[in-house]
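Written out below as structure tokens is the structure these notes cover.
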Amino acid sequence: MVGAVDKHLALIGFMGAGKTTIGRELARLTQRPFVDTDEEIAKRFGPIPELFERGEPEFRQIEEQVVAEALAGPTAVIALGGGAVLSEATRRRLRRTAYVGWVTVDVETAWSRVRDSGRPLARDRESFGHLFDSRADFYDLVAQGTAQDAETMLLEALHVIFSSEIACDAAVIADEQVASLHELPVAGAVTLTTHLVPAGEQAKTLAVVEQLWRDLEIGRDGWIVGFGGGSTTDVAGFTAATYLRGVHWVAVPTTLVGMVDAAIGGKTGVNTEQGKNLAGAFHFPWEIRIDERFLATLPAEERRAGMAEVVKTGLLAGQEVWSLPDEQMIRACAAFKSAVVLSDPYEREGRRAILNLGHTFAHALEAGSGYGLRHGDAVALGLLAALRLSGRSTDVVEEVLAPQPVRVDRDRAWDALLRDKKGALNLVLLGDEGGFVTQVPEADVKRALDELIAD
Ligand SMILES: NC(=O)c1ccc[n+]([C@@H]2O[C@H](COP(=O)([O-])OP(=O)(O)OC[C@H]3O[C@@H](n4cnc5c(N)ncnc54)[C@H](O)[C@@H]3O)[C@@H](O)[C@H]2O)c1
Ligand SMILES: [Zn+2]
């Protein structure tokens, strides 16, 4: 299991680090329950300073029990008290059931936040400093990632890393176009064996996968790296899921779509004669290594396609991510997608559906065009329709993406939309709290689709 997929997201760290604030934010974004073990203790056993007066050992025992109960419960975001990891039993349970994120803070900031809080262990500056130093060793022992804010913690929790350097021997499955433009940086004496696949969507066939099955020479403990856009990472991930019944893989996306969307979330697969992505597997990459330098060679139309997904993400997140510089924009989008993925990693509860904002219309237009229309351009139009049906302004989409109605076969588009939906017309719309799925009357959907099509 990678990171916090199907595991608790447990926050450890010193008092005053902001575990509760960040924890609440993470719980909201991942739609997981939030447990603050200090709050839980106070609720059940009384104020913590009073418990401490009866002696720290008794408090630690209560704490160990409350943490154990939280860790035995449904997958959650859990903020632990600063000293909880002193318990060996707690550390063992954490290792088994949680991704452990260390919320770091410097000692001065921590002291300024808690000096007047009346906490039993924050009464004088000197012993506070000693405690700070000694606790750090324990945090270091169990932490799998560190962060000071929710966005970074989300990226850490899905192993999204902002560097493309590969640190171990690996078989690289590379988009041939990308491989002709870029070299994958390595750390130290690492051997990479490259297997080229056709550029873009052409690589997403079972024939390509079969060829890779034949050519790969790695063992069960070997690594695959997918190096290219979403098409390449989809096929590399699927090859990793199936080769020798599954080996580890790392995604190195080189398109904007790959960095903000395709490489994140564990969906891998190929196309079949019947349609796109019809064969595949959930197989989370061990790491997603993002390096915006690869974007320097990306054709303008591919960048535009990526911006459509960026605007979609920004609308859902309620953040103007599209106006940020590239790295910040990618970080924000990747973190938002990570949060949605962590809310429902294997799409069992339909929570990942909100990521399809605008996509029902996009898929219909793509079908109506006989698949000549670029996905990103179709999404830009789809966003217009979704916003109109949501009764919201379309200004951002017009300004950033400037979509124009397209000439496609109206009947084919409508038939495709109905087929896609198979029955009730459930669409993702946008509300004040973000995306939600709702039923929309057929006539309204038809009208919204028609508005996207030029005569
Ligand atoms: N798994 C998922 O969750 C998920 C999500 C979204 C999309 N996808 C899939 O991703 C695919 C689309 O991926 P994409 O939009 O990233 O494009 P892509 O991988 O199809 O690549 C598009 C083109 O850009 C070229 N290219 C890639 N990186 C480049 C670079 N740095 N410089 C110059 N050229 C470069 C490729 O050679 C190709 O010609 C679709 O198959 C879609 O189904 C998957
Ligand atoms: Zn899309």
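In this text, all values refer to a predicted model and were calculated from it rather than measured experimentally. In listed order, ligands and their atoms are each counted from 1.
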Task: Which segment of T268 sits under 4.0 Å of ligand 1 when only heavy atoms are counted - done: neither

- [ ] List every atom of ligand 1 that sits less than 4.0 Å from any heavy atom of Q177, numbering the atoms from 1 in the order shown and giving each element.
- [x] 37 (O)

Task: Protein heavy-atom partner closest to atom 28 (N) of ligand 1 - residue, atom, separation in Å - done: T254 OG1, 2.8 Å

Open item on the list: Between the side chains of R410 and D455, is the shortest nitrogen-to-carboxylate-oxygen separation below 4.0 Å, so that they form an ion pair?
Closed with: yes

Task: Heteroatom proximity flag, L181 to ligand 1, N/O under 3.5 Å - done: no

- [ ] Would you mind listing which atoms of ligand 1 come within a distance below 4.0 Å of any non-hydrogen atom of K267?
- [x] 1 (N), 3 (O)

Open item on the list: Please list the nearest protein heavy atom to atom 39 (O) of ligand 1 with its residue and the distance rounded to 0.1 Å.
Closed with: A199 CB, 4.0 Å

Open item on the list: Any carboxylate oxygen within less than 4.0 angstrom of a Lys/Arg side-chain nitrogen, looking at E301 and R304?
Closed with: no

TODO: Between S231, A203, P198, flag the one that comes closest to atom 12 (C) of ligand 1 by a heavy atom.
DONE: S231

Task: Check: S163 main-chain N/O paired with D291 side-chain donor or acceptor under 3.5 Å - done: no

Open item on the list: For atom 2 (C) of ligand 1, what is the closest protein heavy atom, and at what distance to 0.1 Å?
Closed with: A262 O, 3.5 Å

Open item on the list: Can a donor-acceptor pair be found, under 3.5 Å and without considering hydrogens, that links the side chain of T152 to the backbone of Q148?
Closed with: no

TODO: Can you sort out which atoms of ligand 1 are near K337, meaning under 4.0 Å from one of its heavy atoms?
DONE: 3 (O)

- [ ] May I ask you to decide whether R392 forms a salt bridge with D432, counting only side-chain N to carboxylate O separations under 4.0 Å?
- [x] yes

Open item on the list: Only heavy atoms of T255, strictly under 4.0 Å: list the atoms of ligand 1 that pass.
Closed with: 14 (P), 16 (O), 27 (C), 28 (N)

Open item on the list: So for ligand 1, is E201 a polar contact partner (N or O within less than 3.5 Å, distance only)?
Closed with: yes

Task: Distance from atom 26 (N) of ligand 1 to nearest protein heavy atom, with residue and atom - done: V178 CG2, 3.9 Å

- [ ] Locate the shortest heavy-atom distance separating R220 from V247; write the atom from each residue and the value.
- [x] O-CG1, 3.8 Å

Open item on the list: Heavy atoms only: which of A305, S180, G200 lies closest to atom 21 (O) of ligand 1?
Closed with: G200

TODO: Say whether F294, considering both its backbone and side-chain N or O atoms, lies within less than 3.5 Å of an N or O atom on ligand 1.
DONE: yes

Task: Carboxylate-amine/guanidinium proximity below 4.0 Å for K276 and E366 - done: no

Task: ligand 1 atoms in contact with G229 (distance to a heavy atom under 4.0 Å) - done: 16 (O), 19 (O)

Open item on the list: With a 4.0 Å cut-off on N to O distance, would you call D450 and K446 a salt bridge?
Closed with: yes

Open item on the list: Has Y139 got a side-chain atom pairing as donor or acceptor with G82's backbone, closer than 3.5 angstrom?
Closed with: yes

Task: Heavy-atom closest pair, residues A174 and A179 - done: CB-CB, 4.1 Å

Open item on the list: Give me the nearest non-hydrogen protein atom to atom 9 (C) of ligand 1 as residue plus atom name, then the distance to 0.1 Å.
Closed with: D234 OD2, 3.4 Å

Task: Expected output: side-chain R91 to main-chain L141 donor-acceptor under 3.5 Å - done: no

Open item on the list: Would you say the rings of F284 and Y346 are close, in the sense that their centroids are separated by under 6.0 Å?
Closed with: yes

Open item on the list: Can you give me the closest heavy-atom contact between L71 and A98, atom names plus distance?
Closed with: CD2-CB, 4.4 Å

- [ ] Check whether any N or O atom of R352, backbone or side chain, sits under 3.5 Å from an N or O atom of ligand 1, and answer yes or no.
- [x] no

- [ ] Determine, considering heavy atoms only, which of G228, G230, A174, P299 sits nearest to atom 14 (P) of ligand 1.
- [x] G230

Task: Heavy atom of the protein closest to atom 36 (C) of ligand 1 (residue, atom name, distance) - done: D175 OD2, 3.2 Å

Open item on the list: Taking 4.0 angstrom as the limit and counting only heavy atoms of L298, give me the atoms of ligand 1 inside it, by number and element.
Closed with: 28 (N), 29 (C), 30 (C), 32 (N), 33 (C), 35 (C)

Open item on the list: Quick check: T232 and ligand 1, any N/O pair under 3.5 Å apart?
Closed with: no

TODO: From the options K276, Q202, R374, E302, select the one whose nearest heavy atom is closest to atom 42 (C) of ligand 1.
DONE: K276

TODO: Mind checking whether E176 contacts ligand 1 via backbone (N, CA, C, O), side chain (CB onward), both or neither, at a 4.0 Å heavy-atom cut-off?
DONE: neither

- [ ] Report, in ascending order of atom number, the atoms of ligand 1 lying under 4.0 Å from any heavy atom of T297.
- [x] 30 (C), 31 (N), 32 (N), 33 (C)

TODO: For the pair K204 (side chain) and S231 (backbone), establish whether a donor and an acceptor sit closer than 3.5 Å, ignoring hydrogens and angles.
DONE: no

TODO: Round to 10° and report the angle made at the Zn ion (ligand 2) by OE2 of E309 and NE2 of H375.
DONE: 100°

TODO: Answer with yes or no whether the side chains of R331 and Q328 bring together a donor and an acceptor at under 3.5 Å.
DONE: no

